[in-house]
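Take a look at the structure set out below.
Positions are given from 1, in the same order as the sequence printed here.
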Amino acid sequence: EEEATRQLLTLSAGKFKLLKKDPPGKVIKSTDSFTINVKFSADKKRIKVPTISSKELVREDKESTTQAVQEDRKHAIEAAIVRIMKARKQLEFQKLVLETSQQLIRLFKPDVKLIKARMEDLIAREYIERDPDNPKLLRYLA
């Protein structure tokens, strides 16, 4: 039903008005009627009718894209942290945050809070650990 409504809106209120809508307007109700626009004419033999995109479809697509990007960034941050810690074996918390953001800045501008959250997650999953004597020092666990 949504797709039919979107197509009717495209044909009646878009760039090329192939259909006439009664009553006129950009909102389609179940009581509206459509007739062929016999007065329609185009300069070209063949025309392309651009589809009007539904705001709900655009919003859903935008949300899913944003969610996928966030998930990809989480993995990129974790991979950068593990790479750095694998090379250094141990590093201070703030230095690791700084080095991670420097490594990722060419891909995207990483949020410090997200980096810290990913570091805490890696600690929970036992990829890295805090030094028992110095809580600011992190160690890589092979």
Side-chain angles (χ1 to χ4, degrees), residues 1-131 134-142:
E1 189 176 309
E2 288 180 31
E3 184 63 24
T5 303
R6 190 166 63 92
Q7 294 299 334
L8 283 171
L9 190 60
T10 296
L11 294 172
S12 64
K15 185 177 179 181
F16 302 107
K17 292 176 178 46
L18 300 171
L19 297 178
K20 283 185 177 179
K21 181 179 168 298
D22 190 44
K26 291 195 176 191
V27 177
I28 295 180
K29 298 175 187 156
S30 59
T31 57
D32 293 350
S33 64
F34 294 88
T35 55
I36 295 174
N37 184 2
V38 290
K39 294 179 182 175
F40 175 78
S41 66
D43 298 339
K44 299 178 181 178
K45 287 183 181 180
R46 186 180 270 191
I47 59 168
K48 286 189 177 184
V49 180
T51 307
I52 296 175
S53 62
S54 172
K55 288 180 182 173
E56 292 172 9
L57 290 173
V58 171
R59 189 180 321 117
E60 285 176 13
D61 189 39
K62 191 174 182 181
E63 286 175 6
S64 67
T65 303
T66 304
Q67 204 170 25
V69 166
Q70 290 294 347
E71 198 63 32
D72 289 346
R73 286 182 177 183
K74 281 182 183 179
H75 293 303
I77 291 170
E78 286 182 1
I81 292 169
V82 170
R83 270 194 310 271
I84 293 164
M85 289 304 292
K86 203 172 191 178
R88 300 287 169 83
K89 301 297 181 207
Q90 65 180 23
L91 198 62
E92 286 184 17
F93 194 88
Q94 282 305 112
K95 287 182 181 177
L96 181 57
V97 171
L98 182 68
E99 200 163 325
T100 303
S101 62
Q102 285 175 344
Q103 202 174 90
L104 295 171
I105 198 77
R106 60 187 171 84
L107 300 173
F108 61 94
K109 188 177 185 308
D111 184 26
V112 174
K113 289 179 185 176
L114 190 58
I115 293 173
K116 288 181 179 181
R118 295 291 90 215
M119 287 168 61
E120 292 300 329
D121 189 51
L122 287 170
I123 289 170
R125 291 182 0 223
E126 297 182 354
Y127 281 86
I128 56 178
E129 70 175 357
R130 290 188 187 276
D131 186 64
N134 183 1
K136 291 182 179 181
L137 190 66
L138 296 172
R139 289 187 186 161
Y140 177 71
L141 301 173

Minimum side-chain heavy-atom gap Leu96-Ile84 below 4.5 Å: yes
Measuring from Phe93:CZ to Asn134:CG, what's the distance to the nearest 0.5 Å? 12.5 Å
What residues form a side chain to side chain contact (heavy atoms under 4.5 Å, CB included) with Glu71, not counting sequence neighbours? Lys74, His75
Counting neighbours of CD1 on Ile36 that are heavy atoms of other residues, nucleotides or ligands and sit closer than 6.0 Å, is the number greater than 12? no
If we only count heavy atoms from C-beta on, is the Ile123 to Ile128 side-chain gap below 4.5 Å? yes
Separation of Leu141 CG from Glu126 CD (nearest 0.5 Å): 7.0 Å
Closest contact, heavy atoms only, Ala80 versus Gln103: CB-OE1, 3.3 Å
Decide if atom CZ of Arg73 counts as having more than 12 heavy atoms of other residues, nucleotides or ligands within a radius under 6.0 Å. yes
Ion pair present between Arg118 and Glu78, side-chain N to carboxylate O less than 4.0 angstrom? yes
Value rounded to 0.5 Å, distance of NZ in Lys95 from NZ in Lys136: 11.5 Å
So, do Thr100 and Pro110 sit near enough that their side-chain heavy atoms are less than 4.5 Å apart? no
Side chain to side chain, Phe108 and Ile77, heavy atoms closer than 4.5 Å: yes
May I ask you to test the Ile115-Met119 pair for a side-chain heavy-atom distance under 4.5 Å? yes
Please report the interatomic distance CD(Gln70) to CG(Asp111), rounded to the nearest 0.5 Å. 9.0 Å
Mind checking what makes side-chain hydrogen bond (donor to acceptor under 3.5 Å, both in side chains) contact with Asp131, not counting sequence neighbours? Arg139
Please report the interatomic distance CD(Gln94) to NZ(Lys116), rounded to the nearest 0.5 Å. 5.0 Å
Return the CG to OH distance between Leu91 and Tyr140, rounded to the nearest 0.5 Å. 14.0 Å
